[in-house]
Protein chains: 2
Amino acid sequence: MLHDPAQLDLMFQALADPARRQMVERLSRGPASVSQLAEPLAMSLSAVVQHLNVLEASGLVSTEKLGRVRTCRIEPKALRAAEHWINERRLAWERRLDRLGDFLAETKDENRGKPS
Amino acid sequence: MLHDPAQLDLMFQALADPARRQMVERLSRGPASVSQLAEPLAMSLSAVVQHLNVLEASGLVSTEKLGRVRTCRIEPKALRAAEHWINERRLAWERRLDRLGDFLAETKDENRGKPS
DNA sequence: GCAATACTGAAGTAATCACTTAACTATTTT
DNA sequence: AAAATAGTTAAGTGATTACTTCAGTATTGC
């Protein structure tokens, strides 16, 4: 379910915006309210709420409203899913290079002592 | 330079599209030509070239043209940069939770034997 | 109760996106 | 030299984005 392409779309899309990454960065240091998230950003509160909704829809952030303040926190499970997708591709490539290296080494071995 | 926010924008943006992720996935299994990348995708070759240009601009993929065929390969260094950004944020959060756990445990310790 | 706080939602806009088709260039193959 | 292959480029279109402002709704402090 975490590898559902639509979910990955949403997560990577969410991370593609610098304002949203800044929000995630802030939340990685601990939970925050919407206004706290907005404070360092040069845009309206309304815009921040919209970004927050994107983050929440992506599963990267979860929020909980108590009284009039909405408290936001990071969802490490989702973060891990994105990380995992990238990692798998990188490893596939690197394993391939290893095998290629082995093959070349073997080929060289087989030619040991042979004249060119 | 790999942590330049503009570069991260480009990388996450590039990964946000399912067609482009499919192309990266294909390339993680080895280099391919443009037509080979296009083959499983339900869109014009032109569209694929445009996706490829996005991937190349993001640094995730590099290409080299020999004769009339352009050979594409994955750039693991860039992949690692995206992975790293996510990892840092997740770790910051998890370390924070650990410290919080320690703090709660200590607080409990200090109250050892005290009557409530 | 009244004002300040903390958001929320709708509507509008300019820019960017993911395509398409069609016309083109360069390289091989026959 | 002609035809097939591999890719490139430009222009156009409809959908989606990232905002804005403005008007609204709960909650909390005085």
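In what follows, every chain begins at residue 1, and chains take the letters A, B, ... in the order their sequences are listed. All values reported here derive from a predicted model rather than from experimental measurement.
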Per the atom types in the model, does the base of D/dT20 pair as donor or acceptor with the side chain of A/Gln50 at under 3.5 Å? yes
Bend of the helix from C/dG1-D/dC30 to C/dT30-D/dA1 from end-axis comparison, five pairs per end, nearest 10°, comes to 20°
Heavy-atom closest pair (A/Ala57 atom, A/Gln7 atom, distance to 0.1 Å) is O-NE2, 4.3 Å
From CG of A/Leu10 across to C1' of D/dT17 the rounded distance in Å is 14 Å
At less than 4.0 Å, is any side-chain N or O atom of A/Arg68 found next to OP1 or OP2 of C/dA4? Yes or no. no
The nucleotide from D/dT8, C/dA10, D/dA10 with an atom nearest the side chain of A/Ser46 is C/dA10
- Query: Within the structure, does a side-chain N or O atom of B/Ser44 lie under 4.0 Å from either OP1 or OP2 of C/dT20?
  - Reply: yes
Can you say whether the rings of A/Phe12 and A/Trp85 are parallel (under 30°), tilted (30 to 60°) or perpendicular (over 60°)?
perpendicular
Is the shortest side-chain N/O distance from A/Ser33 to OP1 or OP2 of C/dC7 below 4.0 Å? yes
To the nearest angstrom, the CE-C1' distance between B/Met43 and C/dC19 comes to 8 Å
Checking D/dA18, D/dT8, C/dC7 against the side chain of B/Arg70 (C-beta onward), the nearest is D/dT8
Measuring to OP1 and OP2 of C/dC17, would you say a side-chain N or O of B/His51 lies under 4.0 angstrom away? no
Per atom distances to the A/Ser35 side chain, the nearest of C/dT21, C/dC19, C/dC7 is C/dC7
Taken to the nearest whole Å, CG/B/Leu45 to C1'/D/dT9 is 12 Å
A/Gln36 CD to C/dC7 C1', in whole Å, measures 13 Å
- Query: Is any side-chain nitrogen or oxygen of A/Lys65 closer than 4.0 Å to OP1 or OP2 of D/dA26?
  - Reply: no
Here the distance between atom P of D/dT16 and atom CD of B/Gln13, to the nearest Å, is 15 Å
